[in-house]
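Reviewing the structure listed below.
Only a predicted model underlies this, so the values are computations on that prediction, with no experimental measurement involved. FYI, side chains are in, hydrogens and waters are out, and symmetry mates aren't considered; it's all heavy atoms of this structure. In listed order, ligands and their atoms are each counted from 1.
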Amino acid sequence: MNPGPGRFIMDYLSKTFWTEDEIKFREEVRSFCDKEITPIADKLDKGPYPRDLIRKIGKAGYMGVHHEKAAGGSARGLSYEIIVAEEISRCNGGLDMARMASATLYGMPVGKFGTPEQKKKYLTPIIRGDKVGAIGITEPDVGSDTAGMKTHAVQDGDDWFVTGEKRFITNGSQADYICCFAITDPNVDPRNGMTAFIVDTKTSGFSVVKDHDLLGMKSSRVSWLKLDSVRIPPDMVLGSPGQGFKILMDELDSERTAIAGEAIGYARIPYETAVKYANERQQFGKRIREFEGVSFKIADMAMKLEAGRALTLNAARMLDKGMKATKQASIAKLYTTEAAVQITNDALQILGGSGYTTDYPVERFLRDARLMTIGGGTAEILRFLIQREVFKEFEL
Ligand SMILES: Cc1cc2nc3c(=O)[nH]c(=O)nc-3n(C[C@H](O)[C@H](O)[C@H](O)COP(=O)(O)OP(=O)(O)OC[C@H]3O[C@@H](n4cnc5c(N)ncnc54)[C@H](O)[C@@H]3O)c2cc1C
């Protein structure tokens, strides 16, 4: 069952939080989603998303709200990217994961650290939706401990040659370009010996081992990739050699904020469905909303949605102002992703046996939401980062 039109009962469009322009923009994105995504939201779950849909999203301007005008973006900022993320995820989580892997996970490192020539060649076509990007950090033996990565590159003349494996790469088998991280100086701390490269997936030595079979996010493709001495010309090095870890850390703050926007999106339809169902379903001669076991779950859902949105917007606003927001982005992602799992799970519980069927659009969002306490930094790693920032603030 697909989510239905994008008007939302609980609209949260409080003017205390959002500007007039952001509110107008959200309406615009919703209309686009109602027309282009909602009617095929269930079908998309059979995957993969049609490439043409990314093109349409690009043409509508929703790949580049946070990219500079010179590169083809609209330079509005991350506060607009979280609106796009939420509204598209509200229809289909996997589709937005694919969009965001291209627009933000790949797009932000290229947009912030690329030269004007690199942006023109490797970012503008992504913003238009004509090309697809991905980010390659995770490896078979390296997940949370990114500094321990084994993928390495050696220089021969002006060119670099990258060898290694990257696993769980969103868009991996679909991508034209991958922002790929590799160790280039094994003799120093990896934080100073890592470099970011733009890899053209048509280059010889690049191959797809397989697409992973996933619990959710079925409309996306997440792949295991192999790089066997893939040649990288000097104009595809991002930033300077040795700057890779800095680029990676910078990327993660915007990625985590944008994922928090997606997490709110996964929770909205299950929440709405549960509210309506609790109002209609009768047991023991009463509507089930009259039982506290049900109605208090609704209260908790509403609270988590409101709080999550405020935390996410706060992190986006800080990053848009150029402020350091590692703690706020981590808090927003941790809170909203755990909330999305709880809300989708509670909604399924309120629907009883019906929630476990595909007749209602709850199970899909629960499957999609489950990923996000893992991808982009696990909940455990985020708690580690948050406490580390807290102790720094106390100078302890
Ligand atoms: C569908 C999907 C899409 C993805 N997309 C991408 C992508 O586009 N690009 C990319 O590079 N990666 C991607 N990833 C990878 C994702 O970011 C990693 O899965 C994640 O960072 C965790 O790494 P891991 O799976 O190797 O788990 P591990 O790091 O091996 O962790 C296993 C468990 O140990 C815990 N743990 C590890 N270290 C600590 C610690 N210090 N303290 C406490 N607990 C700890 C973790 O929290 C986790 O519970 C994707 C993953 C999935 C499943």
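- Listed by first and then second residue, the side chain to side chain donor-acceptor pair (under 3.5 Å) pairs involving residues 340-351 are K304-Q342 (not counting sequence neighbours).
- Side-chain contact between S79 and L313: present, with at least one pair of heavy atoms (C-beta onward) separated by less than 4.5 Å.
- Under the 4.0 Å criterion applied to side-chain N and carboxylate O atoms, R30 and E86 are not assigned as salt-bridge partners.
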| said: Quick one, R370 with T373, criterion side-chain hydrogen bond (donor to acceptor under 3.5 Å, both in side chains). Give me CA distance, side-chain angles, the key distance, then yes/no. | reply: CA-CA 7 Å; R370 189 62 193 83; T373 61; 2.8 Å; yes
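- Of the possible donor and acceptor atoms, none in the side chain of T124 sits under 3.5 Å from a partner among the backbone N and O of K121.
- When F32, W18, Y62 are each tested for a ring pair (Phe, Tyr, Trp, His ring centres under 6.0 Å) with F25, only one passes: Y62.
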Would you mind listing each N/O atom of ligand 1 next to any protein N/O under 3.5 Å, plus the distance?
{"residue": "ligand 1", "atom": "5 (N)", "partner": "F168", "partner atom": "O", "Å": "2.8"}
{"residue": "ligand 1", "atom": "5 (N)", "partner": "T170", "partner atom": "OG1", "Å": "2.8"}
{"residue": "ligand 1", "atom": "8 (O)", "partner": "T170", "partner atom": "N", "Å": "3.0"}
{"residue": "ligand 1", "atom": "8 (O)", "partner": "T170", "partner atom": "OG1", "Å": "3.3"}
{"residue": "ligand 1", "atom": "9 (N)", "partner": "I135", "partner atom": "O", "Å": "3.0"}
{"residue": "ligand 1", "atom": "11 (O)", "partner": "I137", "partner atom": "N", "Å": "2.9"}
{"residue": "ligand 1", "atom": "11 (O)", "partner": "T138", "partner atom": "N", "Å": "2.9"}
{"residue": "ligand 1", "atom": "11 (O)", "partner": "T138", "partner atom": "OG1", "Å": "3.2"}
{"residue": "ligand 1", "atom": "12 (N)", "partner": "T138", "partner atom": "OG1", "Å": "2.7"}
{"residue": "ligand 1", "atom": "14 (N)", "partner": "F168", "partner atom": "O", "Å": "3.2"}
{"residue": "ligand 1", "atom": "17 (O)", "partner": "G376", "partner atom": "N", "Å": "3.4"}
{"residue": "ligand 1", "atom": "29 (O)", "partner": "S144", "partner atom": "N", "Å": "2.8"}
{"residue": "ligand 1", "atom": "29 (O)", "partner": "S144", "partner atom": "OG", "Å": "2.6"}
{"residue": "ligand 1", "atom": "47 (O)", "partner": "T378", "partner atom": "OG1", "Å": "2.7"}
{"residue": "ligand 1", "atom": "47 (O)", "partner": "E380", "partner atom": "OE1", "Å": "2.7"}

